[in-house]
Visitor: 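Shown below is the structure under consideration.
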Amino acid sequence: MDTNNKPQLTIYNSHSRKKEAFKPLNSPYVGMYVCGPTVYSDVHLGNVRTFIAFDVVYRYLQYLGYKVRYVRNITDVGHLVGDIDEGEDKIAKRARLENLEPMEIVQKYTNGFHDVMRIYNAISPSIEPQATGHIVEQIEMVQRILDNGYGYEVNGSVYFDVVKYNEEYPYGELSGRKIEDLLSGTREELEGQQEKKNPLDFAIWKKADKGHIMRWNSPWGVGFPGWHLECSVMSTKYLGETFDIHGGGMDLRFPHHECEIAQSVAADGKAPVQYWMHTNMLTVNGTKMSKSLNNSFLPHELISGDHPLLEQGYSPMTTRFFMLQSHYASTLDFSNEALQAAEKGYQRLMNACKALDKMHYDGDDNNYNQEETDAINQLVDQAFEHLSDDFSTPQAIARLFDLSKKINSYNEKKLDINNLNSNTLNKLKEAFPAIVFDILGLQDESASDNAEAMDGLMDLILDIRKEARDKKDWDTSDKIRNVLNTLNIVVKDGKEGSSWGMG
RNA sequence: GGUCGGAUGGCCGAGCGGUUAGGCAGAGGUCUGCAAAACCUUGUACAGCGGUUCGAAUCCGCUUCCGACCUCCA
């Protein structure tokens, strides 16, 4: 697809708080970094929402013709439980609890994460670096920060000097905070803050106590890297000192992303990111879905329906569709009613895809209906305009439903497909599935590996049923339909014969 | 307490100065052997109070609720 044919992409930059035209530093190449999970336990649906949102970003950028290098990290060290610089490492804690090697924990939950991403049809990133694989680079960055005077060593730990940094550069711009407010607002009296010159400072290298099982040698003694550091290091390594898009959940905006900016600027003197994108939270009854609040669903619970808050199971594509019906930057509230509505809507979209695919056209380019043709063209164009407007999937989906109405009408001969000229029909036939499958990343869940055999079988069965119906043998025809129903196959009788779909 | 963001019809969810969002559910109709699907028609909306404007769900102010971040979370 030629980029020039599509509307100019705009992205809401949460740094400038404005929508901006997307101009890659090095078009057609685009560098995108998304903060991945900390693999100390199962990912939950809130995580999934963020990664699905960026999956669509990735897919759409590619559709527009960009060559995207998509980097999404795996955090496997440095992320602490509890207070920012004094808690236990999350991975280490889990390892202790499960009596496993830290790297076993990492492997286990990384595998689980990948499984979930596959189930929700998210494309794998181009590079998926792990923090423990970049200890050397992290040490080097700590050294650069020290060399430039923005860090200080105390007792084998190295801290980032936020106040010093703020004298030269604005700290807090991304999250809209002022350092004075932060200084006065920071909770005092936290244990073990004595090492830091200021409560705002954060660890970039942390001394490992005797009991700490994750530890590496460094110029400052045995320790491990601070959590914020890995993203700065790995984005720089794979995307350069300045790159195009950095994404992540809203809850990472402060302090994580703010610290990333400070680290990169302090180490290399450059603002690392052109466009910051933040996805909003998935909520349950209006409250953020979060592991610590015990209101989070695991993907397999959602699929099976095996959770006190769930009335039934919801398929991965129902969920994906549900999430894309809201904008990534809005909170999305999770409820059975909403999921059930999404299930039907998703089904409707899939039906339209199938109908469009089977459409027979016998039109004449010298004799077509201008109005009808314009209407289709306009809807298709609008869908792309919406996608280009900060990835507005909800609005694009609304156009898809408008088109579905048209497609169904053609299918049922309530409108005549031959009223379209061939260009428009081709455009529709190309764009509709492209948006549904390639860009939104939906899949037809009724399609199976045995699709061909299934199609043949169903053709045969429906053919037999047709013979019965022609003879007004309703007993036989209803029996076929009823038994198929019990197999979750729905038969639909239309003017042009019967069709079937998975119920 | 500080900073920021929300409140849209039965539910979800777009829109962010003038034009139908859309989906689901509801009502009526068409089609059908019946059913399903599909198509057509259709209702109740923008938290409250003021203000700006020819015109506001959309801008401004105040009020009331809710949430996020400031501790780990996508």
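Chain letters run A, B, ... following the sequence lines, proteins first, then strands; residues in each count from 1.
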Visitor: Using the C1' atom in both, what is the distance from B/U71 to B/U58, to the nearest Å?
Guide: 37 Å
Visitor: NA contact type, A/G176, heavy-atom cut-off 4.0 Å: base, sugar-phosphate, or nothing?
Guide: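 Sugar-phosphate: the residue A/G176, judged by heavy atoms under 4.0 Å, touches backbone atoms but no base.
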Visitor: Is there a side chain to side chain contact (heavy atoms under 4.5 Å, CB included) between A/Y361 and A/K429 once you walk through the steps?
Guide: CA-CA 11 Å; A/Y361 175 71; A/K429 281 205 163 202; over 6 Å; no
Visitor: Which part of the nucleic acid does A/S290 contact within heavy-atom distance under 4.0 Å: base, sugar-phosphate only, or nothing?
Guide: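 Base, at least one base atom sits under 4.0 Å.
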Visitor: Who are the salt bridge (Lys or Arg N to Asp or Glu O under 4.0 Å) partners of A/D402, not counting sequence neighbours?
Guide: A/R399
Visitor: Using the side-chain heavy atoms of A/F254, tell me which of these nucleotides is nearest: B/C69, B/G23, B/A21.
Guide: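 In terms of side-chain proximity for A/F254, the closest of B/C69, B/G23, B/A21 is B/C69.
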Visitor: Is A/W474 stacked on the base of B/G33 when the test is centres under 5.5 angstrom and planes under 30 degrees?
Guide: yes
Visitor: Tell whether A/D402 reaches the base of B/G22 with its side chain through a donor-acceptor pair below 3.5 angstrom.
Guide: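 No, the side chain and the base share no sub-3.5 Å donor-acceptor pair.
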Visitor: Mark yes or no for whether A/T393, through its side chain, and A/L324, through its backbone, hold a donor-acceptor pair below 3.5 Å.
Guide: yes
Visitor: Please measure how far the C1' atom in B/U3 lies from the corresponding atom in B/C16, and state the result in whole Å.
Guide: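 It comes out at 23 Å once rounded to the nearest Å.
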Visitor: Over how many whole Å does the gap from A/H256 atom NE2 to B/A68 atom C1' extend?
Guide: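 These atoms are roughly 18 Å apart.
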Visitor: When the ring planes of A/H228 and A/F202 are compared, do they come out parallel, tilted or perpendicular, using 30° and 60° as the limits?
Guide: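 The rings of A/H228 and A/F202 stand perpendicular, inter-plane angle above 60°.
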Visitor: Determine the Euclidean distance between corresponding P atoms of B/U20 and B/U41; express it in Å to zero decimal places.
Guide: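 These two P atoms come out 13 Å apart once rounded.
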Visitor: State whether A/F54 and A/R72 meet the cation-pi test: NZ (Lys) or CZ (Arg) under 6.0 Å from the six-membered ring centroid, and within 45° of the perpendicular axis.
Guide: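 No cation-pi geometry.
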Visitor: If you only use heavy atoms from C-beta on, which nucleotide in B/C34, B/C39, B/A74 is closest to the side chain of A/D478?
Guide: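 So the side chain of A/D478 is nearest to B/C34.
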Visitor: If you take atom types as modelled and just measure distance, does the side chain of A/S477 reach the base of B/G33 with a donor-acceptor pair under 3.5 Å?
Guide: yes
Visitor: How many Å lie between CG on A/L332 and P on B/G67, as a whole number?
Guide: 17 Å
Visitor: Examine B/A74: is either OP1 or OP2 under 4.0 Å from a nitrogen or oxygen in the side chain of A/N47? Give yes or no.
Guide: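 Yes, A/N47 has a side-chain N/O under 4.0 Å of OP1/OP2 on B/A74.
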Visitor: Have a look at A/E337 and say if it touches a base, only the backbone sugar-phosphate, or nothing, with a 4.0 Å heavy-atom cut-off.
Guide: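 Answer is sugar-phosphate: A/E337 comes under 4.0 Å of backbone atoms only.
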Visitor: Of the options B/G23, B/A38, B/C11, whose atoms approach the side-chain atoms of A/A341 most closely?
Guide: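 Of the options given, the side chain of A/A341 lies nearest B/G23.
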Visitor: Looking at A/S330, does any N or O in its side chain come under 4.0 Å of the phosphate oxygens OP1/OP2 on B/A14?
Guide: yes
Visitor: Is the ring pair A/Y33/A/H246 parallel, tilted or perpendicular, if the boundaries are 30 and 60 degrees?
Guide: tilted
Visitor: How far, in whole Å, is B/A25 from B/A38 if one measures between their P atoms?
Guide: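 The answer is 9 Å between these two P atoms.
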Visitor: Check RNA chain B for consecutive Watson-Crick or G-U pairs with both distances under 3.5 Å and list the runs of at least three as stems.
Guide: B:1-7 with B:64-70, B:10-12 with B:22-24, B:26-30 with B:38-42, B:47-51 with B:59-63
Visitor: Work out how far the P atom of B/C66 is from that of B/U8, and round it to whole angstrom.
Guide: 14 Å
Visitor: To the nearest Å, give me how far apart NZ (A/K19) and C1' (B/C16) are.
Guide: 9 Å
Visitor: To the nearest Å, how far apart are A/M289 CE and B/C69 C1'?
Guide: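 Taking atom C1' of B/C69 as the reference, CE of A/M289 is at 19 Å.
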Visitor: I want to verify a distance call: between B/C24, B/C34, B/C70, whose nearest atom is closest to the A/K344 side chain?
Guide: B/C24
Visitor: Is any side-chain nitrogen or oxygen of A/R348 closer than 4.0 Å to OP1 or OP2 of B/A38?
Guide: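 Checking B/A38 against A/R348, a side-chain N or O does come within under 4.0 Å of OP1 or OP2.
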Visitor: To the nearest angstrom, how far is A/K288 atom NZ from B/C66 atom P?
Guide: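 Nearest whole value for this atom pair: 19 Å.
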Visitor: Output the rounded distance in Å from CG (A/L349) to P (B/A37).
Guide: 17 Å
Visitor: Does one side chain, of A/R49 or A/S326, offer a donor that lies under 3.5 Å from an acceptor on the other?
Guide: yes
Visitor: Quickly work out the A/D333 CG to B/A7 P distance and round it to whole Å.
Guide: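 Rounding to the nearest Å, CG of A/D333 and P of B/A7 are 13 Å apart.
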Visitor: Within a 6.0 Å radius of atom CZ on A/R96, are there more than 12 heavy atoms belonging to other residues, nucleotides or ligands?
Guide: yes
Visitor: Drop me the distance from A/F113's CZ to A/M117's CE, to the nearest 0.5 angstrom.
Guide: 4.5 Å
Visitor: Is any N or O donor-acceptor pair between the side chain of A/N411 and the base of B/A38 shorter than 3.5 Å?
Guide: no
Visitor: Could you check whether A/V491 gets within reach of a base, just the sugar-phosphate, or nothing at all, counting any heavy atom under 4.0 Å?
Guide: base
Visitor: Between B/C11, B/C4, B/A14, spot the one nearest the side chain of A/R17, thanks.
Guide: B/C4
Visitor: In whole angstrom, give me the gap between the P atoms of B/U44 and B/A37.
Guide: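 Per the computed distance, 26 Å lies between those P atoms.
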Visitor: Quick check on RNA chain B: between A/S326 and A/K414, whose nearest nucleotide comes earlier from the 5' end?
Guide: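 Result of the comparison: A/S326.
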Visitor: May I ask you to check whether A/F334 and A/F297 place their ring centers less than 6.0 Å from one another?
Guide: yes
Visitor: By nearest atom, which of the nucleotides B/C70, B/C72, B/A74 is closest to the A/H44 side chain?
Guide: B/A74
Visitor: Compare the minimum distances between each of B/G33, B/G23, B/G15 and the side chain of A/R469, then state the nucleotide with the smallest one.
Guide: B/G33
Visitor: Check this for me: does the side-chain of A/R481 come within 3.5 Å of the base of B/A35 through a donor and an acceptor?
Guide: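 Check passes, donor-acceptor contact within cut-off.
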Visitor: Could you measure between the two C1' atoms, the one in B/C39 and the one in B/G51, and give it in whole Å?
Guide: 47 Å
Visitor: A/A398 has a side chain; which of B/C39, B/C69, B/G22 sits nearest to it?
Guide: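 That would be B/G22.
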Visitor: Any donor-acceptor pair under 3.5 Å linking the side chain of A/S392 with the backbone of A/S388?
Guide: no
Visitor: Both A/Y346 and A/A338 contact RNA chain B. Which one's nearest nucleotide lies toward the 5' end?
Guide: A/A338
Visitor: Counting any heavy atom closer than 4.0 Å, what does A/G172 reach on the DNA or RNA strands: base, sugar-phosphate only, or nothing?
Guide: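 Result for A/G172 = nothing.
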Visitor: At under 4.0 Å between heavy atoms, what does A/H278 touch on the DNA or RNA strands: base, sugar-phosphate, or nothing?
Guide: nothing
Visitor: On a plain distance test, is the side chain of A/K405 in donor-acceptor contact with the base of B/A38 below 3.5 Å?
Guide: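 Side chain to base: no pair present.
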Visitor: Once you apply a heavy-atom cut-off of 4.0 Å, does A/S392 come out as touching a base, just sugar-phosphate, or nothing?
Guide: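 Nothing, no nucleic acid heavy atom in range.
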Visitor: Among the nucleotides B/A38, B/A36, B/C11, which one has an atom lying closest to any side-chain atom of A/N408?
Guide: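 The nucleotide sitting nearest to the side chain is B/A38.
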Visitor: Would you say A/K492 reaches B/A35's phosphate, i.e. side-chain N/O to OP1/OP2 under 4.0 Å?
Guide: no
Visitor: Once you round it to whole Å, what is the distance between P of B/A14 and CG of A/L400?
Guide: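 For the pair A/L400 CG and B/A14 P, the rounded distance is 17 Å.
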Visitor: When the C1' atoms of B/G28 and B/G43 are considered, how many whole Å apart are they?
Guide: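 Those two atoms are separated by 11 Å.
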Visitor: With distance as the sole test, does A/D473 use its side chain to make a donor-acceptor pair with the main-chain N or O of A/T476 at under 3.5 Å?
Guide: yes
Visitor: On the side chain of A/D251, is there an atom forming a donor-acceptor pair with the base of B/C72 - under 3.5 Å, no angle test?
Guide: no
Visitor: Which nucleotide sits closest to the side chain of A/T38: B/C39, B/A74, B/A37?
Guide: B/A74
